[in-house]
Amino acid sequence: MEAGAVLLASVHLRHIIPLDFDSIDYAPQPDAPHVASSVESEDAQPCLPTIDLESPLAESSLVRACESWGMFIVTNHGIPTDVLEGVEGDALRFFSLPKEDKMKALRAPGGTIGYGVAPLAAVLDKAMWHEGFTMIGSPVEHAKQVWPRDYMRFCETMEEYQKRMKTLSEKILGLLLKNCGGLPSFHESGGPSTTLQLNSYPACQCPKEIFGLAPHTDTSFITIIQQSNVSGLQLFHERHGWISVSPKTGSLVVNVGDMLHIMSNARFLNALHRVTVSRTWHRLSFAYFYGPPADFEVSPIVKTHASGSHQAARFRPVTKREYIRMKNQDPDALSKIKITREG
Ligand SMILES: O=C(O)CCC(=O)C(=O)O
Ligand SMILES: [Fe+2]
């Protein structure tokens, strides 16, 4: 393969159903974007904060990490190793199936759950070297299609994982928001919106020409990411540029999404991140998104100064449903709800 080659099919990859990664052709393309070359050697890079959730300093470390990075690594998170390994094993079992079998779990047109291209592809209108399986609660309907006699194992693994991730999300958010009234109760609004996204990034002959996931922010309050043992996740930091967030066995990555950025009145940074692909390795990741109920109005929590005056709100209140509608039309939806002050 020549340097500078690009996926001939990249422009219309998003339309390939089934997702047949072996069928993609390649052709030279001199002005292809070099997506992976902008990251310096990993030795020279700053490290994301690693936070021990059992430490007495956990709360202040979480707050500082969200203010300075919008992404951090957690250890001592309480998720047993067999739960982490279980989701990786069953995700690999799914993605290793012949494409005809994966197609049995295909996402319905306009739907949100099941197998398909990155949900982000529709928002960004970009081709990405990615296949995913999205779940909200039990994946039983799709699992039954794929494994008619043996669907329970996959379901149990995924349900247990989501239960654990929900508890962990609420623990982290509870600590982050402790100083400003805690995490709101979503009981009356139908509970938080949560999604588990299994991501698969097959090895790619032209890793510099296409993203696994293009740069984006998540819409969640927070996202918890488990990575298989292959690098690919990168965070954009204003001072350092793109930095790699390498996997560390047993630890989890947490990032701030747009909803927490809004609720914290821009105090916590919403992490701009992306995923690069490998020429050699198949990478998996599991992203658990925890957000407000779709119709819950999220508004900035503003500080009261010693004088009694309030800090100015930087965003107008917005529901997740409305925000997603705006973001689907323009990825920079935040600018649409920003309150600008004259003078
Ligand atoms: O693959 C990863 O590490 C990140 C996944 C991600 O950003 C997402 O699913 O939104
Ligand atoms: Fe993401």
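Computed over heavy atoms, backbone and side chain alike; hydrogens, waters and symmetry mates excluded. This one's a predicted model, so the numbers in the text were calculated from it and none came from an experiment. Every number for a ligand or one of its atoms is a count from 1 in the order of the listing.
In summary, the atoms of ligand 1 found under 4.0 Å from a heavy atom of R283, numbered by their order in the structure, are 1 (O), 2 (C), 3 (O). Annotation for ligand 1: atoms under 4.0 Å from non-hydrogen atoms of A287 are 9 (O). Taking every heavy atom of Y201 and a limit of under 4.0 angstrom, the matching atoms of ligand 1 come to 1 (O), 2 (C), 5 (C). Shown in contact with F289 at under 4.0 Å from a heavy atom are these atoms of ligand 1, numbered in order with element: 8 (C), 9 (O), 10 (O). Remark: ligand 1 atoms within the under-4.0 Å shell around heavy atoms of H273 are 7 (O).
Only the side chain of D218 comes within 4.0 Å of ligand 1, judged by heavy-atom distances.
For T75 and D52, the side-chain atoms include no donor-acceptor pair closer than 3.5 Å.
Summarising the contacts of atom 8 (C) of ligand 1 with V253, L213, N255, the nearest heavy atom is found in L213.
Judged by the 6.0 Å distance and 45° axis criteria, R93 is positioned over the aromatic ring of W147.
For H216, the heavy-atom gap to ligand 1 drops under 4.0 angstrom.
Within the 6.0 Å centre-distance limit, the rings of Y201 and H130 are counted as a close aromatic pair.
From T194, atom OG1 reaches atom CD1 of I224 across 11.0 Å, with rounding to the nearest 0.5 Å.
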